[in-house]
Protein chains: 2
Amino acid sequence: MDQERPLRERLIDVGAELVMSEGTGALGLREIARRAGVSHGAPRRYFPTHHSLLSAIARRGFADLGERFAQVAAGARNSTPRDRVRAIGCAYVGYALEHPGMFELMFRHDLLDSAGQDPSEEPRLRESTLPLFALLVALAGRCGAEEPSVTAAALWANLHGVAQLWLWGSLPLVLGENRAAGVERLVDAAVAAHLGGAPA
Amino acid sequence: MDQERPLRERLIDVGAELVMSEGTGALGLREIARRAGVSHGAPRRYFPTHHSLLSAIARRGFADLGERFAQVAAGARNSTPRDRVRAIGCAYVGYALEHPGMFELMFRHDLLDSAGQDPSEEPRLRESTLPLFALLVALAGRCGAEEPSVTAAALWANLHGVAQLWLWGSLPLVLGENRAAGVERLVDAAVAAHLGGAPA
DNA sequence: GCAGCTAGTAGACACTGTCTACGCACGCTG
DNA sequence: CAGCGTGCGTAGACAGTGTCTACTAGCTGC
């Protein structure tokens, strides 16, 4: 294909594909190098450590999620703020369920550099979620929340928990295996709970 | 100490201490064996695989959490169902923040046998959460929820997300580092959101 | 034409989880 | 008491991992 794409990018490509298809367990440094067609020492020139490569892959995950948010936000431009929150919530949980490996990686602080309290990591990975969160805060404000940032935080936590517990398997155990129905129900419940029950 | 305690139990003891003090990364099979004072092959007699030992450790974590629930339930016996839910929520998130390593292990399906779709695991690990969940369902019903199981699931997801995102570091980033205040606020918000705003 | 640098190779090292062969000490049987 | 089997743990080998260190093609600019 495009063998000319620089190795640094190719490694991230390969890693992202790998984590989406096989999960975080398959993200060995040597495995990524193998699939990129280089020796196991090659990645070291661009990523000083295994964790820094995984961080770059996770960063792409957050970027993908951001794009997704932008798409649903654009698609629902002239609907109510509440419906846009709902759409974003579905996008968040949907992303997690469609790409469980990537979603897991994005929040596996033990695999990422961000855990190391090392502020050298250029834009800290955690902080790359701030724009997404800001969007939620703004929408919460437009929905009339008294403390938009608290409401947005609570809502985010709710969505995150839905995604995580569904992937973990306890929610399907409790609500039935039908994913679309169960998730929609829980996202609706989360939005209604934190933004007020009135769907109008 | 009690060197007479059977090795199987001692391994779980050591593993639980280890994951609480050093985190999941320190839970190597050989490391546990070392700290228990036996050779690296010894655990194999009781746990056929590394994951099965970790599953046993996680099972103890769930048992601890269950005890904690029982304590707060007993302590708040004659308060309103709503306050009991609140107490349980604080217990859940509190456990996660006090023992982040153990909490992480309990939900790391890639480290546990439960992921393997292998139903041989005696009482499946996931299902050991069912009694705790049932307690929440009962309380939700007594609070007047229309669909107690859905409300309980949504509430659990909310609490779980709070714990996870706080540990991950994004919630402190957004709400400030003050743990007690931030967590209490979010737990209150979750209970109020899913059980209705009226504190009575 | 040759120095210098960049990108990638290849081997070593300590470490991991799994597997297998081997002993040691105990209790039961004759 | 002698002998044996069995449960419990040891010790070594094996493939695989992430990191580190030499080393080498191939290109650049002088």
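In the text below, chain A, chain B and the rest are named by the order of the sequence lines, each starting its count at 1.
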- Under the salt bridge (charged side-chain N to carboxylate O under 4.0 Å, His left out) test, residues paired with A/Arg35 that sit two or more places apart: A/Glu31
Of all residues at least two apart in sequence or in a different chain, which pass the ring-ring contact (aromatic ring centres under 6.0 Å, His included) check with [X]?
{"X": "B/Tyr95", "value": "B/His99"}
{"X": "B/His160", "value": "B/Phe103, B/Phe107"}
{"X": "B/Phe133", "value": "B/Trp156"}

Can you tell me how far [atom2] of [N] sits from [atom1] of [X], to the nearest Å?
{"X": "A/His51", "N": "D/dT19", "atom1": "NE2", "atom2": "P", "answer": "7 Å"}
{"X": "B/Arg8", "N": "D/dC8", "atom1": "CZ", "atom2": "P", "answer": "12 Å"}
{"X": "B/Leu111", "N": "C/dG17", "atom1": "CG", "atom2": "C1'", "answer": "13 Å"}
{"X": "A/Leu29", "N": "D/dT17", "atom1": "CG", "atom2": "C1'", "answer": "9 Å"}
{"X": "B/His50", "N": "C/dC15", "atom1": "NE2", "atom2": "C1'", "answer": "13 Å"}
{"X": "B/Leu53", "N": "C/dT16", "atom1": "CG", "atom2": "C1'", "answer": "15 Å"}

- Give a yes or no on whether the backbone of A/Ser52 and the side-chain of A/Thr49 come within a donor-acceptor separation of less than 3.5 Å. no
What donor-acceptor contacts under 3.5 angstrom involve side-chain atoms of residues 185-196 of chain A, with partners at least two apart or in another chain?
unit_1, atom_1, unit_2, atom_2, d
A/Arg185, NH2, B/Glu147, OE2, 2.4
A/Asp188, OD1, A/Arg86, NH1, 2.3
A/Asp188, OD2, A/Arg86, NH1, 3.2
A/His194, NE2, A/Asn158, ND2, 3.2
A/His194, NE2, B/Asn158, ND2, 2.9

- Query: Using a cut-off of less than 4.0 Å, is there contact between a side-chain N or O of A/Thr49 and OP1 or OP2 of D/dG18?
  - Reply: no
- Task: Would you mind telling me which residue lines up with the more 5' stretch of DNA chain D, A/Pro48 or A/Arg34, judged by nearest nucleotide?
- Result: A/Arg34
Check nucleotides 7-13 of chain C against the protein and report each pair of N or O atoms closer than 3.5 Å, with its distance, or say if there are none.
unit_1, atom_1, unit_2, atom_2, d
C/dA7, N7, A/Arg45, NE, 3.4
C/dA7, N7, A/Arg45, NH1, 3.1
C/dA7, N7, A/Arg45, NH2, 3.2
C/dG8, OP2, A/Tyr46, OH, 2.5
C/dG8, N7, A/Arg45, NE, 3.1
C/dG8, N7, A/Arg45, NH2, 2.7
C/dG8, O6, A/Arg45, NH2, 2.8
C/dT9, OP1, A/Ser39, N, 3.4
C/dT9, OP2, A/Ser39, N, 2.7
C/dT9, OP2, A/Ser39, OG, 2.7
C/dG11, O6, A/His40, NE2, 2.9

